[in-house]
Amino acid sequence: METKLKIDIKSEQKRAQDIIASQGLRVLVCAGTGCLAVGAQDVIDRFKEFGANVSTLSDYDKMTVVPTGCHGFCEQGVLVVFPEQNVTYVKVKESDVEEIFNSHIKNGKIVERLLYVDPETKQHAKGNQDINFYAKQTKNALKNCGKINPECLDEAVAMGAYQALAKVLEENNQENVIKEIEDSGLRGRGGGGFPTGKKWRSVYNNRGGKSYVICNGDEGDPGAFMDRSVMEDDPHKLLEGIAIAAFAVGADEAYIYVRAEYPVAIKRLKKAIKDASGAGYLGKNIFGTDFSLEIHIREGAGAFVCGESSALIASIEGERGMPRPKNIHMAQCGLFKRPTLLNNVETFANISSIILNGAEWFSSMGTASSKGTKTFALTGEVNNSGLIEVPMNTTLRQIVFDLGGGIRNGKKFKAVQIGGPSGGCLTEEHLDMPMDYDDLTKVGAMVGSGGLVVMNEDTCIVEVARFFMNFAKNESCGKCVPCREGTKNMLLILEKIVKGHGKMEDLEKLEELAEVVKAGSLCGLGKSAPNPVLSTLKYFRDEYIAHIKDKKCPAGVCKAMKKFVIDQTLCKGCTKCARNCPVDAIEGSVKNPHKIDQSKCIKCGTCINNCPFKAIKSL
């Protein structure tokens, strides 16, 4: 039965669009966490100084400086975009603002030195459509990121915020909403890839009395920042998705669990909730209907295990964040022992677009089993690192070499760690594999939340496995023995190998321990902790063997296996290396070739850095 709404969201959108149209020249300056760290606020303040002192610009009667969320191209920050003129400036500093103002804004002459330069073609790119990093993306969850002021409700409304919620409330049919999500094929973007519509229906079927919705924004994978970007850059898109989910499953209260290390996201979410509630889009009697929703922010202390659903719930309830046995599903007994729906930030960020555009639109992207688009944090040894969103049929090759611009400094591609500490390594043989949930699982990896760390030929795979196992061991909550003791003992073996003390039987022990941890751990995080080790043993076993048998690190990374030697033909006896050696391991007299005492050498590399004749080598 349809419901008459008391707020006309289309009229509100037109009003908001008129406000933006009256702002004149819009200068979008990235104010995401990454750009703020390299001086974005100074750039914004400087632009405002110039804007305040003029009344007439070249083609506009005024200028409006807009602090936006993250533009995605993080390594190129601070980014400054002129959307109407399709011009993007990169690595802008406060000192560059005067030139941009006098040359570009007042006289229409582009400042070429601040344009992006393609690492392969060496050509300048004027705007985003000329930059592969942007041009080859398909944005849905990140659609508005970098285009609006995340702290301005009108800017979000002008871009269509809360129209999907209005549509859902007007149609007033929970079954239809859930069916739309089911038909879309949307799978949870938090890691497991569980069908979202199926989860919603389970909670809906247990309705009656109090129900809750939880948004997991705890994002603890090293190098991952997809959810942070959505919360910081387009908080209203997230809030709208949560509200639609709450209506669909019959909940009137929701929690967003955010790690305290995300202060900008927390600040913007709180303001967005306050503004939306004041406008009638959240809170009591939303849009004048009988539907009400109160949304709370809960700050987590940064424990990786709190990304696991039951541990997260325990944390919200005020207990220590530790997982619980899954003998009862949270659709029946979740937060405060009531039916609870839990999805992550990116999952909720997809909801409004599916409602407005239809399930068929969403399911037309991706693969047969993995529909839609997925965000990834692309980091490591690529020319273009940052936040991307692509259809799930996009291959690893396209991500690394098209969007990522290839490997830095002409190095060779070696591997990609996907899915963070719960994921696995993919190799050159997997480059043409799509980012499909099921396909990746078959080869020992996983989409996870979307972290992608690219490695080149100089990366030691054994050290990578040790790093992730160290993370897993440190972040284990300690509740179950397989995870607590298994990760510790796996780490001890890996440390033994990288120090040159490994034995061949250690590889069998590693695999045996990994299987025990996978099978016996209480929660999904423990069960997936051995994945980086198992996948690297499968695809890079020869590197493990080289560390053990040859006592050599093929990548030259492992410190314990390095040997520093002085080329006697190049050494001039200047004594600079000996004078700077912290342990007096270098012997020799003035003007005579020196030698390194291997028994004293701690392999710190100080001698290499100080040798003016490049006579010292690391073997």
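Side chains are part of it too, since the values below use all heavy atoms of this structure and drop only hydrogens, waters and symmetry mates.
- No salt bridge links Lys48 with Glu94; every basic N to acidic carboxylate O contact stays at or beyond 4.0 Å.
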Table please: side-chain donor-acceptor pairs of residues 143-150 below 3.5 Å, with sequence neighbours left out.
unit_1, atom_1, unit_2, atom_2, d
Asn144, ND2, Asp234, OD2, 3.1
Asn149, OD1, Glu151, N, 3.0

CA sep, side-chain torsions, deciding dist, call: Asn86, Asn128, side chain to side chain donor-acceptor pair (under 3.5 Å): CA-CA 7 Å; Asn86 190 34; Asn128 288 356; over 6 Å; no
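- Contact check on Asp96 versus Arg113 returns a salt bridge, with a Lys/Arg side-chain nitrogen under 4.0 Å from an Asp/Glu carboxylate oxygen.
- Within the 3.5 Å criterion, the main-chain N or O of Phe348 finds no donor-acceptor partner in the side chain of Asn343.
- Comment: Glu170 does not engage Lys167 in a salt bridge, judged by the lack of any side-chain N to carboxylate O separation of less than 4.0 angstrom.
- A distance below 6.0 Å separates the ring centres of His104 and Phe82.
- The ring pair (Phe, Tyr, Trp, His ring centres under 6.0 Å) contacts involving residues 143-167 comprise Tyr162-His236, Tyr162-Tyr281, where partners must be two or more places apart or lie in separate chains.
- Asn140 and Ser353 are linked by a side-chain donor-acceptor pair at a separation below 3.5 angstrom, with hydrogens and angles left out of the test.
- For residues 382-394, there are no salt bridge (Lys or Arg N to Asp or Glu O under 4.0 Å) pairs, not counting sequence neighbours.
- Residue pairs that meet the salt bridge (Lys or Arg N to Asp or Glu O under 4.0 Å) test with at least one member in residues 408-417, sequence neighbours left out, are Glu75-Arg408, Lys411-Asp458, Lys414-Glu543.
- The salt bridge (Lys or Arg N to Asp or Glu O under 4.0 Å) analysis of residues 349-374, with sequence neighbours excluded, yields the pairs Glu346-Lys374.
- No donor-acceptor contact under 3.5 angstrom links the side chains of Lys62 and Gln23, judged on distance only.
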Evaluate Lys10 against Gln163 for side chain to side chain donor-acceptor pair (under 3.5 Å), listing each step before the verdict. CA-CA 8 Å; Lys10 290 287 187 182; Gln163 290 194 22; 3.0 Å; yes
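- Counting only heavy atoms from C-beta outward, the side chains of Lys199 and Leu341 approach each other to under 4.5 Å.
- Listed for the Asn216 side chain is no donor-acceptor partner under 3.5 Å among the backbone atoms of Asn344.
- Considering Leu282, Asp154, Leu153 in turn, Leu153 is the only one that fulfils the side chain to side chain contact (heavy atoms under 4.5 Å, CB included) rule with Asp275.
- Ring centroid separation for the pair Tyr89 and Tyr116 does not come in under the 6.0 Å cut-off.
- Checked by atom type and distance alone, the side chain of Thr347 never pairs as donor or acceptor with a backbone atom of Thr196 at under 3.5 Å.
- Of the possible polar contacts, one joining the Thr394 side chain to the Pro391 backbone as a donor-acceptor pair under 3.5 Å is found.
- Side-chain contact, Asp438 with Ser369: a donor N or O sits under 3.5 Å from an acceptor N or O.
- For the 3.5 Å distance criterion, the side chains of Asn107 and Ser103 fail to qualify, holding no donor opposite an acceptor.
- Between Ile266 and Arg268, every side-chain heavy-atom pair lies at or beyond the 4.5 Å cut-off.
- A donor atom on one side chain and an acceptor atom on the other are not found under 3.5 Å apart for Glu299 and Tyr262.
- Heavy-atom contacts from other residues, nucleotides or ligands closer than 6.0 Å to NZ of Lys267 number 12 or fewer.
- Between Phe101 and Phe47, the ring center distance fails the sub-6.0 Å criterion.
- Electrostatic pairing of Lys14 and Asp18 counts as a salt bridge here, judged by a charged N lying under 4.0 Å from a carboxylate O.
- For residues 350-400, the set of pairs meeting the ring pair (Phe, Tyr, Trp, His ring centres under 6.0 Å) definition, not counting sequence neighbours, is empty.
- Between the side chain of Gln17 and the backbone N or O of Glu12 there is no donor-acceptor pair closer than 3.5 Å.
- A donor-acceptor contact under 3.5 angstrom links the side chains of Glu232 and Thr33, judged on distance only.
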